[in-house]
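Notes follow once the structure below has been shown.
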Amino acid sequence: MSDFSFRLESQKGHARAGVMHTAHGDALTPMFMPVGTQATVKSLSTEDVVALQPQVVLANTYHLYLRPGHERIARLGGLHEFMHYERPMLTDSGGFQVFSLGEQLAQKGETRLAKAKISEEGVEFTSHLDGSTHQLTPELSIEIQRHLGADIIMAFDECLPDAAGHEYTQESVERTYRWAQRCVTAWEGALRRSVPGHGQALFGIIQGAMHEDLRRRAAQQITSLPLDGLAFGGETIGYNMEGTLQVLDWLREHLPAEKPRYAMGLGREPENIVDAVLAGYDMFDCVAPTRLARNGVLYHGRLEIENDRPVWRSEFPKSRLPIGNAGFAEDQGVILDGCDCDTCSHGYTRAYLHHLYRTQELTYYRLASLHNARLMVRLSEELRHWILRV
Ligand SMILES: [Zn+2]
C-alpha cells in the first residue's frame, strides 16, 4: 500500500547510512534537507534547488495552508507539480508554527495574535496574515498534507520548550500520543495516499522536553504505532547540541534500527551535522543556512578524517565568514576553495559578494544561499561516504 521503505546499509559506531525509497525516487541518508517554507527555498529557483543535490526538500504546512491554500495546491497537481520539482519532499505538520508564531510576535511586543489555545481536539490559533481564527487538529493536519502531496508527512504534535515542567510535559506527551494515533487513523483511512495519488510515509514525533522518563515513555508510545519514521522534536533539538545528543543517548535502546531518525530543526552550524550523524541521527532540516546567508554569514570550513573519525575544521569562529567585513572588499578568492556550489565553482569572488551584500542587491541572496545550502548537503554526503567506507 505504501510507496515508502527504508533500508539501513551500513553502520559505523552509532553513525548510520541508509536508503529511503519514496514515491519520487530514492533518498540517501544521512541527509540535510533545505527548507522551502513557502514552496520555495528563499531566493532560489527550482533549478537552483536541484543544483544543491538535496535528497529531500521540506515545505511548511502552516504557511501553505494559509496561502495559497492546500486545496488550491491540490487542484494544481500537488506541491511537486506546483513547484516543478520531481524529487522527494517532506511537509511538517503545521504544529510548530501554530505554537511558536504567536509567541514570537508577543516577545517582539506585537499582541495582535492571541496565544494558541490547546484542547484535546487540537489547537486554536490566529493567522499571522489577517488575524482570522483557525483550528488545526490532527485530522486537518493530515488532510492538508494529503492535499500538498509530499512523500513524507509528519504527525501533529505539541513542541515543548526545555523549561516545561514535569507535570505539564507528562500531560502534553500523553496528548501528543493520542494525536499521533488520530493521525495514523486518518492516514490509514486515506490508504496512506496523497490527494494527487501517490503513497505517503508518516513519521511520528517524540517529545518530552528534557525529562528522561517522559522522553522514554514518548519513545515507547510512538514506536508502538505503525509509522515509517521517527522524529525528535522540542526546543532542545538542534538548538542545544548537548541536549540533542543526550536525548538520543536516552532513547537509543527503544528505537528500531530500521526506521529513519529525523532531528527536527537541526543544522545551524556545520559541526552540528557532524555531531548528530556520529550520534545516529539520519535526517536534519534547518532554515539557518539560508537565513544566515541572507544576513551576511557564509559558511567556511571542511570535513577532515582524523584517525578514521570525521572532524569539522574551520579557520573562522563558528565556521562563519562575515562577508560584509571591510577586509573582504578586495579579496579575489572564492568563498571556499574547492567548494562545488554554483557560486564558488563559477568563480564569484569574495570581493564581488561583499559589494553585492553591502548594496543589498537581490543577486547576493541567491549566490549566498547556493553556497551555504550546498555546503550542508555536501557535508551530509561526505559523512555518508565515511560511514560506507570499510
Ligand atoms: Zn561554495
Side-chain angles (χ1 to χ4, degrees), residues 28 30-36 40-58 85 87 266-277 284-305 310-386:
L28 308 174
M31 64 166 80
F32 173 78
M33 302 182 281
V35 182
T40 169
V41 177
K42 287 196 194 309
S43 82
L44 302 186
S45 68
T46 297
E47 288 72 26
D48 289 335
V49 173
V50 170
L52 301 175
Q53 303 176 52
Q55 299 298 318
V56 172
V57 171
L58 191 145
Y85 185 70
R87 296 269 301 137
L266 188 145
R268 289 154 66 92
E269 317 294 343
E271 46 266 77
N272 296 163
I273 303 277
V274 179
D275 291 343
V277 167
F284 321 97
D285 79 283
C286 194
V287 294
T290 44
R291 182 176 289 165
L292 288 170
R294 295 194 300 277
N295 287 296
V297 173
L298 303 178
Y299 291 140
H300 192 279
R302 61 188 79 248
L303 190 72
E304 290 175 4
I305 308 294
V311 187
W312 181 260
R313 296 268 182 242
S314 177
E315 62 206 65
F316 291 91
K318 294 176 88 179
S319 313
R320 297 175 171 197
L321 182 156
I323 195 66
N325 283 12
F328 298 115
E330 295 190 13
D331 188 332
Q332 297 202 68
V334 295
I335 305 167
L336 175 65
D337 278 331
C339 176
D340 68 352
C341 85
D342 272 2
T343 304
C344 295
S345 64
H346 286 136
Y348 286 98
T349 63
R350 291 174 176 183
Y352 184 55
L353 290 161
H354 169 86
H355 162 70
L356 295 180
Y357 174 68
R358 288 290 194 98
T359 49
Q360 299 183 314
E361 279 297 327
L362 297 180
T363 306
Y364 167 76
Y365 300 106
R366 171 174 178 268
L367 294 173
S369 299
L370 280 170
H371 170 79
N372 274 10
R374 174 60 196 153
L375 184 139
M376 295 300 246
V377 171
R378 183 175 66 241
L379 173 55
S380 310
E381 292 167 1
E382 289 168 347
L383 288 162
R384 178 181 158 81
H385 293 149
W386 171 74

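Counting convention: from 1, in listed order, for ligands and their atoms alike. Remember, it's a predicted structure, so these values are computed and weren't measured experimentally.
Not a single donor-acceptor pair under 3.5 Å links the side chain of Y299 to the backbone N or O of A293. Remark: the backbone N or O of N325 is paired with a side-chain donor or acceptor of H354 at under 3.5 angstrom.
Listed by chain and number, the protein atoms of type N/O/S under 2.8 Å from the Zn ion (ligand 1) are C339 SG, C341 SG, C344 SG, H371 ND1; waters are omitted.
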Identify all side-chain donor-acceptor contacts of residues 375-382 below 3.5 Å with residues at least two apart in sequence or on another chain.
| unit_1 | atom_1 | unit_2 | atom_2 | d |
| --- | --- | --- | --- | --- |
| R378 | NH1 | D340 | OD1 | 2.6 |
| S380 | OG | F32 | N | 3.2 |
| S380 | OG | M376 | O | 3.0 |
| E381 | OE1 | R374 | NH2 | 3.1 |
| E381 | OE2 | R374 | NH1 | 3.0 |

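The OG atom of S43 sits 7.0 Å away from the CG atom of L370 when rounded to the nearest 0.5 Å. Separating the CZ atom in R268 from the CG atom in L292 is a distance of 8.0 Å, to the nearest 0.5 Å. A distance of 9.5 Å separates OG in S369 from CG in L298, rounded to the nearest 0.5 Å.
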